[in-house]
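Here is the structure we will look at, set down as structure tokens.
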Amino acid sequence: QVRFVESGGGSVQAGGSLRLSCAASRYDYSRSTCMGWFRQAPGKEREGVASIYTDDDTTDYADSVTGRFIISQDNAQNTVYLQMNDLKPEDTAMYYCAARRLFVGRCSTEGQFTYWGQGTQVTVSS
């Protein structure tokens, strides 16, 4: 059974950093996969944060996190990361990773993702 597990969430003060991890089991990241990080705050819609295409490391970011967050992958570890720097209270949310195969087209957080993790909570205090 394919499984994605997020970790690395926690509570930090504004200006701090966290690194989220998304580890896959029974799924090969290295082959034509669009990986995305999403977040959802209470009472708000889910928002796409960042994406990476595993064939060529092409990345894409939401405007709200550009310059502060970095998405990366480690194929050997079958893991995707989200480095979050200069965190702000408005970054507080549950963060989810998701995956879908992509053979044509552009990788982004738009579109339908096939697999989802259970989420990890990030709380940023002012």
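Side chains are part of it too, since the values below use all heavy atoms of this structure and drop only hydrogens, waters and symmetry mates.
Under the side chain to side chain donor-acceptor pair (under 3.5 Å) criterion, Asn85 pairs with Ser17, Gln83, not counting sequence neighbours. Listed by chain and number, the residues in a side chain to side chain donor-acceptor pair (under 3.5 Å) with Asp60 are Arg106 (sequence neighbours excluded).
Side-chain atoms of Ser7 and Thr120, non-hydrogen and from C-beta on, never get closer than 4.5 Å to each other. The shortest distance between side-chain heavy atoms of Leu82 and Ile70 does not fall below 4.5 Å. By the 4.5 Å heavy-atom criterion applied to side chains, Thr33 and Arg100 are not counted as neighbours. For the pair Val5 and Gln118, the minimum side-chain heavy-atom distance is below 4.5 Å. At a threshold of 4.5 Å between non-hydrogen side-chain atoms, the residues Cys34 and Phe113 count as touching. Looking at Arg101 and Thr114, their side chains never come closer than 4.5 Å, going by heavy atoms from C-beta outward.
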Table please: side-chain donor-acceptor pairs of residues 45-52 below 3.5 Å, with sequence neighbours left out.
unit_1	atom_1	unit_2	atom_2	d
Glu47	OE1	Arg39	NE	2.8
Glu47	OE1	Arg39	NH2	3.3
Glu47	OE2	Ser64	OG	3.2

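Minimum heavy-atom separation, Met35 to Cys97: CE-CB, 4.5 Å. For the residue pair Asp55 and Ser32, the shortest heavy atom distance occurs at OD1-N, 2.7 Å. The two residues Ala14 and Ser126 have their closest heavy-atom pair at CB-CA, 4.3 Å. Looking at every heavy atom in both residues, Leu102 comes nearest to Val104 through CD1-O, 2.9 Å. When all heavy atoms are compared, the tightest approach of Cys22 to Trp37 is CB-CZ2, 3.6 Å.
The six-membered or imidazole ring of Trp116 lies near that of Phe38, with a centre-to-centre distance under 6.0 Å. No close placement of the Phe69 and Tyr61 rings is indicated, their centers lying 6.0 Å or farther apart.
Sorted by first then second residue, the salt bridge (Lys or Arg N to Asp or Glu O under 4.0 Å) pairs that include residues 12-28, not counting sequence neighbours, number zero. Legend: ring pair (Phe, Tyr, Trp, His ring centres under 6.0 Å) pairs involving residues 71-101, not counting sequence neighbours: none detected. For the salt bridge (Lys or Arg N to Asp or Glu O under 4.0 Å) condition, the pairs that include at least one residue of residues 66-84, sequence neighbours left out, are Arg68-Asp91.
A 6.0 Å sphere centred on CD of Glu110 holds no more than 12 heavy atoms belonging to other residues, nucleotides or ligands.
Leu20 is connected to Tyr115 through a chain of hydrophobic side-chain contacts under 4.5 Å among Ile, Leu, Val, Met, Phe, Trp and Tyr, so both are in one cluster. No path of Ile, Leu, Val, Met, Phe, Trp and Tyr side chains, each step under 4.5 Å between heavy atoms, connects Tyr53 with Val65, placing them in separate hydrophobic clusters.
Rounding to the nearest 0.5 angstrom, the gap separating the OG atom in Ser11 from the CG atom in Leu18 is 8.5 Å. Annotation: the span from Glu6 atom CD to Met94 atom CE amounts to 9.0 Å, rounded to 0.5 Å.
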- Would you check, one step at a time, whether the test side-chain contact (heavy atoms from CB on, under 4.5 Å) holds for Thr79 with Gln73? CA-CA 6 Å; Thr79 300; Gln73 61 166 329; over 6 Å; no
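Looking at Thr92, its side chain never comes within 3.5 Å of a backbone N or O of Glu90 through a donor-acceptor pair.
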